[in-house]
Amino acid sequence: MSKSYFLRLFRRYMGTTPYNYLVNFRITQAKELLVLTDHSVSEIAQKVGFGDASNFSTRFAKATGQSPLQYRKSALKPVEGHGERRNCVKMTQFLRVLS
């Protein structure tokens, strides 16, 4: 199978290029790590396959409309009426990331 034929098929069935699919997959992994761990943005960038934290932050913001730190802060907001973070908040946010 030629490269160009593979790329056409991939785009037809997946609705995006292999590169964009990979970037989106990495962003999804990063969302989970931002919510479930206290790793730094640089550590998360490296763990999900970005060689450069700046490039990761730029692509993350483009994909989500928020910087990685803004995303983490908004995802870990306490539930209204409760002053402390609870495990159920993390689980709710985790499920939101997966959907």
Side-chain angles (χ1 to χ4, degrees):
M1 175 184 309
S2 73
K3 178 181 174 182
S4 62
Y5 182 65
F6 169 79
L7 292 173
R8 272 197 314 273
L9 284 178
F10 190 95
R11 188 173 189 127
R12 182 183 304 153
Y13 290 101
M14 301 302 291
T16 189
T17 65
Y19 179 76
N20 286 337
Y21 181 86
L22 177 62
V23 169
N24 289 332
F25 178 77
R26 289 174 173 173
I27 296 295
T28 299
Q29 287 182 309
K31 287 179 178 180
E32 292 177 22
L33 291 172
L34 285 164
V35 172
L36 298 175
T37 72
D38 61 354
H39 297 314
S40 71
V41 171
S42 295
E43 288 174 308
I44 291 172
Q46 185 178 18
K47 285 181 184 291
V48 300
F50 285 91
D52 179 312
S54 177
N55 181 36
F56 164 70
S57 293
T58 300
R59 291 190 179 276
F60 188 95
K62 185 177 178 184
T64 65
Q66 297 177 302
S67 73
L69 291 178
Q70 289 170 329
Y71 181 86
R72 174 180 272 163
K73 185 176 179 180
S74 69
L76 295 177
K77 262 191 220 173
V79 174
E80 277 188 29
H82 299 281
E84 57 195 63
R85 293 182 183 157
R86 299 187 187 276
N87 287 335
C88 64
V89 173
K90 283 192 174 186
M91 181 55 77
T92 301
Q93 297 305 322
F94 174 66
L95 293 173
R96 187 180 89 190
V97 167
L98 294 178
S99 63

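Applying the ring-ring contact (aromatic ring centres under 6.0 Å, His included) test to every pair with at least one member in residues 30-62, sequence neighbours left out, gives these pairs: Phe50-Phe56, Phe56-Phe60, Phe60-Tyr71. Screening residues 45-54 for side chain to side chain donor-acceptor pair (under 3.5 Å), with sequence neighbours left out, gives no hits.
To the nearest 0.5 angstrom, Leu34 atom CG is 11.5 Å from Gln70 atom CD. To the nearest 0.5 Å, the span separating CG on Leu7 from CE on Met14 amounts to 13.5 Å. Note that the OG1 atom of Thr28 and the CZ atom of Arg26 stand 12.0 Å from one another [nearest 0.5 Å].
Linking Ile, Leu, Val, Met, Phe, Trp and Tyr whenever their side-chain heavy atoms come within less than 4.5 Å puts Leu69 and Ile44 in one cluster. No single ILVMFWY cluster, assembled from side-chain heavy atoms under 4.5 Å apart, contains both Tyr13 and Val23. With hydrophobic clusters built from ILVMFWY side chains whose heavy atoms lie under 4.5 angstrom apart, Ile27 does not share a cluster with Phe25.
Among all heavy-atom pairs drawn from Ser74 and Gln66, the shortest one is OG-NE2, 3.4 Å.
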| query | After noting the C-alpha distance and the side-chain angles of Arg72 and Thr37, does the key distance pass the side chain to side chain contact (heavy atoms under 4.5 Å, CB included) rule? | reply | CA-CA 10 Å; Arg72 174 180 272 163; Thr37 72; 4.1 Å; yes
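Residues Ser57 and Pro68 meet the side-chain proximity criterion, which asks for heavy atoms closer than 4.5 Å. Between Val35 and Lys31 the shortest side-chain heavy-atom distance does not fall below 4.5 Å.
Applying the 6.0 Å contact sphere to CZ of Phe10 captures more than 12 heavy atoms from other residues, nucleotides or ligands.
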